[in-house]
Amino acid sequence: GDFRNIVFLHQSVGANLIEQGSVREQFAAAGYSFWDQGYNVNQLRDANGRQTGYAYHVRDNNTYPDGLVDIFSQPLFPLPINTLSGLMQHEVIAFKSCYPASNISSDSELEQRKAWYVTMRDFMDQHPDKVFIVLTQPPINPVNTGPEEARRARQLANWLKSDEFLKGHPNVATYDLFDRLAERDAQRPDFNMLREDYREGTDSHPTAVANQAIGPEFVDFVRGVVEQYRERHAQVVDAENE
């Protein structure tokens with residue numbers, strides 16, 4: 001009931017952010033219990049970073065938008081017998097797609113992704129006792145994408161943090177990981193792609209330098225969202241009990 005138990009659904013970019021950005025340690029120091037689920041083979045990790053011996057099994061390890069909407073469309077049970085029921089054992093649910101989700105090949109594909117996120121948000125609206133934090137997908141190394149795909153990726157990230165997506169949904173927040181990692185200078189050839197000082201070679205995984213910079217910011221963002229919602233939620237409960 002105090003929104004201090006967090007789970008983060010991710011893949012390799014998220015794993016690097018947790019480890020290189022000291023995310024778990026910072027949450028622990030602030031009195032939060034931070035769990036994470038990456039690839040199924042890596043299992044669910046507890047607040048101490050230990051493998052629990054089981055996973056909130058993600059079908060085909062798919063955390064791209066189509067996989068996420070599949071998760072949020074699953075039946076909900078009190079025990080963690082599917083991915084969604086596992087995530088909902090926690091009070092704060094953060095989740096992200098990996099960088100290939102920034103390869104958006106058409107405007108119609110972009111609109112489909114928006115529709116999937118709206119479907120996910122519909123589920124979140126039904127559970128005001130939980131806080132949901134969407135992380136925008138990371139950008140792609142410029143050798144593996146093009147300006148139009150990158151432009152659409154930016155549009156999706158901008159929409160996910162906009163009032164159009166968030167207004168009127170107080171238990172939903174968006175951390176814009178895409179913008180934090182992407183080149184912002186429209187005059188550069190890598191505009192909207194993984195920025196030069198956060199990449200090595202052709203790899204689309206952000207560097208340790210990037211994760212060390214972003215880790216504390218991500219922790220502070222989540223804490224701010226949780227503390228604000230905790231206060232609002234307590235006021236609502238008090239009003240209902242009067």
Side-chain angles (χ1 to χ4, degrees), residues 6-21 23-24 26-27 34-40 42 44-45 55-56 58-72 83-84 86-88 90 92-104 110 113-114 116-121 123-124 130-141 145 150 152-162 165-166 171-182 192-194 198 203-207 210-211 213-223 225-226:
I6 304 169
V7 65
F8 180 26
L9 178 66
H10 61 84
Q11 289 188 349
S12 53
V13 171
N16 292 342
L17 177 63
I18 293 168
E19 294 176 13
Q20 297 170 352
V23 167
R24 196 185 315 275
Q26 292 175 72
F27 272 122
F34 178 83
W35 299 55
D36 75 289
Q37 171 69 57
Y39 289 108
N40 293 324
N42 294 327
L44 174 72
R45 293 184 182 271
Y56 296 156
V58 178
R59 189 178 303 167
D60 299 323
N61 282 307
N62 183 1
T63 57
Y64 301 139
D66 63 324
L68 290 174
V69 75
D70 176 73
I71 290 170
F72 281 96
T83 317
L84 180 62
L87 297 175
M88 292 291 283
H90 305 265
V92 181
I93 298 100
F95 61 95
K96 61 173 284 297
S97 291
C98 207
Y99 60 81
S102 281
N103 185 23
I104 305 174
L110 173 60
R113 295 189 184 201
K114 289 181 180 179
W116 284 333
Y117 276 104
V118 169
T119 298
M120 297 181 226
R121 190 189 62 194
F123 173 85
M124 301 172 200
K130 308 288 184 182
V131 174
F132 299 88
I133 297 179
V134 182
L135 280 77
T136 58
Q137 79 290 344
I140 301 176
N141 189 298
T145 191
R152 295 186 192 98
R154 169 76 73 178
Q155 288 179 321
L156 178 60
N158 286 345
W159 178 79
L160 283 169
K161 67 178 179 182
S162 71
F165 182 71
L166 294 174
N171 65 326
V172 184
T174 300
Y175 179 74
D176 195 358
L177 182 62
F178 179 94
D179 182 66
R180 189 61 182 80
L181 291 167
N192 293 328
M193 304 172 195
L194 184 60
Y198 283 172
D203 192 358
S204 289
H205 292 86
T207 62
N211 292 321
I214 294 171
E217 296 175 7
F218 172 59
V219 172
D220 287 345
F221 177 86
V222 173
R223 289 182 60 196
V225 168
V226 168

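Just so you know, these numbers come straight off a predicted model, no measurement behind them. Hydrogens, waters and symmetry mates are skipped; everything else that's a heavy atom, side chains included, is used.
When atom types are taken as modelled, the side chain of Thr63 and the backbone of Ser97 share no donor-acceptor pair closer than 3.5 angstrom. A donor-acceptor pair under 3.5 Å is absent between the side-chain atoms of Asn211 and the main chain of Gly21, judged by distance alone.
Here the side chains of Pro138 and Lys96 are in contact, with some heavy-atom distance below 4.5 Å. At a threshold of 4.5 Å between non-hydrogen side-chain atoms, the residues Ile93 and Leu9 do not count as touching. Using a 4.5 Å heavy-atom cutoff, the side chains of Leu156 and Arg152 are not in contact. With a 4.5 Å cut-off on side-chain heavy atoms, Leu135 and Phe218 count as touching. Residues Tyr117 and Leu68 meet the side-chain proximity criterion, which asks for heavy atoms closer than 4.5 Å. No side-chain heavy atom of Val225 sits under 4.5 Å from any side-chain heavy atom of Val92. A 4.5 Å side-chain heavy-atom check between Leu17 and His10 finds every atom pair outside the cut-off. Residues Thr145 and Asn192 fail the side-chain proximity criterion, which asks for heavy atoms closer than 4.5 Å.
Within the structure, salt bridge (charged side-chain N to carboxylate O under 4.0 Å, His left out) pairs that include any residue of residues 61-70 comprise Arg59-Asp70 (at least two apart or interchain).
With sequence neighbours excluded, no residue satisfies side chain to side chain donor-acceptor pair (under 3.5 Å) with Gln37. For Lys130, the salt bridge (Lys or Arg N to Asp or Glu O under 4.0 Å) criterion is met by no residue, not counting sequence neighbours. Remark: Glu217 pairs with Arg180 by the salt bridge (Lys or Arg N to Asp or Glu O under 4.0 Å) rule, at least two apart or across chains. Residues that satisfy the ring pair (Phe, Tyr, Trp, His ring centres under 6.0 Å) test with Phe27, not counting sequence neighbours, are Tyr32, Phe34. Qualifying side chain to side chain donor-acceptor pair (under 3.5 Å) partners for Gln26, counting only residues two or more places apart in sequence or in other chains: none. Looking at residues two or more places apart in sequence or on another chain, you find no salt bridge (Lys or Arg N to Asp or Glu O under 4.0 Å) involving Arg121. Applying the ring pair (Phe, Tyr, Trp, His ring centres under 6.0 Å) rule to His205 yields the partners Tyr99; only residues at least two apart in sequence or on another chain are considered. Listed by chain and number, the residues in a ring pair (Phe, Tyr, Trp, His ring centres under 6.0 Å) with Trp116 amount to none (sequence neighbours excluded). Take Asp176 and apply the side chain to side chain donor-acceptor pair (under 3.5 Å) test, not counting sequence neighbours, and it matches Thr136, Lys161. Every ring pair (Phe, Tyr, Trp, His ring centres under 6.0 Å) that Phe123 has, sequence neighbours left out, goes to Phe72, His127. When the salt bridge (Lys or Arg N to Asp or Glu O under 4.0 Å) test is applied to Asp203, no partner is found at least two apart in sequence or on another chain.
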Inset, instruction - Could you check Ile6 against Trp35 for side-chain contact (heavy atoms from CB on, under 4.5 Å), going step by step and ending with a plain yes or no? - result: CA-CA 6 Å; Ile6 304 169; Trp35 299 55; over 6 Å; no

Legend entry - Derivation and outcome, side-chain contact (heavy atoms from CB on, under 4.5 Å), residues Met120 and Phe132: CA-CA 10 Å; Met120 297 181 226; Phe132 299 88; over 6 Å; no

Legend entry - Trace of the side-chain contact (heavy atoms from CB on, under 4.5 Å) decision for Arg154 with Asp179: CA-CA 8 Å; Arg154 169 76 73 178; Asp179 182 66; 2.5 Å; yes

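Considering every non-hydrogen atom in both Ser102 and Gln137, the closest pair reads OG-CG, 2.9 Å. Counting all heavy atoms, side chain and backbone alike, Ile71 lies closest to Asn62 at CD1-O, 4.4 Å. Here the closest heavy-atom approach between residue Phe165 and residue Val172 is recorded as CE2-CG1, 4.2 Å. A pairwise comparison of heavy atoms in Pro206 and Ala210 identifies CB-CB, 3.8 Å as the closest pair. Nearest heavy atom pair, residue Phe178 against residue Ala150, reads CZ-O, 4.2 Å.
Atom-to-atom distance recorded for Tyr198:OH and Thr207:OG1 is 7.5 Å, nearest 0.5 angstrom. Taking CZ of Phe8 as the start and CG of Leu87 as the end, the distance is 11.5 Å to the nearest 0.5 Å. With values rounded to the nearest 0.5 angstrom, Gln155 atom CD is found 12.0 Å from Ser162 atom OG. Annotation: the span from Thr174 atom OG1 to Leu160 atom CG amounts to 5.5 Å, rounded to 0.5 Å. Rounded to the nearest 0.5 angstrom, Ile214 CD1 and Asn16 CG are separated by 11.5 Å. In this structure, the separation between CG on Asn61 and SG on Cys98 is 11.5 Å, given to the nearest 0.5 Å.
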